Amino acid sequence: MIHLGVNIDHVATVRQARKACEPDPVMAAHLAELGGAQGITVHLRQDRRHIQDRDVRLLRETVQGVLNLEMAVGEDILGLALELLPDQVCLVPEHRQEITTEGGLKVARDDRDLADCIVKLKDSGVLVSLFIEPDPPTVRLARELGADAVELHTGSWANAWAQCRGDEHDGDLITQLARLEDSADAAATAGIRLHAGHGITYGNVRSLLHLPLLRELNIGHSIVSRAVLLGMERAVRDMRGLMDLGAG
Ligand code: PXP
């Protein structure tokens, strides 16, 4: 079975819009697991724009499945990761002005910071994944650097899918899918785990499931968006019910 990691960052985005207590991503994680998620994914950004340290600490105690922490290579967050020991860390690039993670990690053979980060996490028993563009040489380099897994950035493929609405004869979609398939083959040959994520929706997810030895999909925006809409009727009904009871 392909493992579903639910990214709950945007539950925290709504909370941080008011700097309030709700909605609590810890409760969202619990409900996501009840819904069948095998894991919970959070990105602790350097600017703490959504997920907070407190969330990761509580999630470490409460998540029953796999806790996957996305983070940039950097001393401060690495320190927290080594203290909290999530089951898995996905190393991602991070730029302050970006709306979401744009592009994959730049992986270079002589990047000592990246190599040290991988070693420290692995020595602490944390499974390490690198979020990369779908590119076979980068998959092989990730393996050489000792990563346990690569998470292929599916953003370009998802954009192509949205442009042509999944028309399998569309040239750009064919190109983007081939990049993912070639990278999946490279991962299988290199003996590194294959994960994928970014821009996956209820509409496009089935077009990815044939990737060989795909172990994990991380999906956030689309699931949180659906959760907001599906819960709206019930939430309004509950408020209406309280108002209809009259003054207490
Ligand atoms: N995987 C990684 C490494 C990400 O950075 C993100 C976005 O935070 C996702 C998966 C989930 O992407 P989306 O929110 O588009 O489903």
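Counting starts at 1 for both ligands and their atoms, following the listed order. Keep in mind the model is a prediction, meaning the values are calculated, not measured.
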(request) Name all residues meeting the salt bridge (charged side-chain N to carboxylate O under 4.0 Å, His left out) criterion together with E102; count only those two or more places apart in sequence or in a different chain, and write none if there are none. (result) none
(request) Output all residues satisfying salt bridge (charged side-chain N to carboxylate O under 4.0 Å, His left out) with D135, sequence neighbours left out; order by chain, then residue number. (result) none
(message) Test your reading of the model: is there a side-chain donor-acceptor pair from T154 to the backbone of H198, 3.5 Å cut-off?
(response) yes
(message) Donor-acceptor pair, distance only, cut-off 3.5 Å: does the side chain of S124 make one with the backbone of V126?
(response) no
(request) Find out whether I118 and L91 are in side-chain contact, i.e. whether some heavy atom of one side chain is under 4.5 Å from a heavy atom of the other. (result) yes
(message) Going by salt bridge (charged side-chain N to carboxylate O under 4.0 Å, His left out), name the residues that satisfy it together with R179, two or more places apart in sequence or in a different chain.
(response) E133
Identify all N/O pairs between ligand 1 and the protein with a separation under 3.5 Å and present them as a table of atom names and distances.
residue: ligand 1; atom: 1 (N); partner: E70; partner atom: OE2; Å: 3.3
residue: ligand 1; atom: 1 (N); partner: E151; partner atom: OE2; Å: 2.5
residue: ligand 1; atom: 5 (O); partner: E70; partner atom: OE1; Å: 3.2
residue: ligand 1; atom: 5 (O); partner: T101; partner atom: OG1; Å: 3.0
residue: ligand 1; atom: 8 (O); partner: N7; partner atom: ND2; Å: 3.4
residue: ligand 1; atom: 14 (O); partner: H221; partner atom: N; Å: 2.9
residue: ligand 1; atom: 15 (O); partner: G199; partner atom: N; Å: 2.8
residue: ligand 1; atom: 16 (O); partner: G220; partner atom: N; Å: 2.7
residue: ligand 1; atom: 16 (O); partner: H221; partner atom: N; Å: 3.4

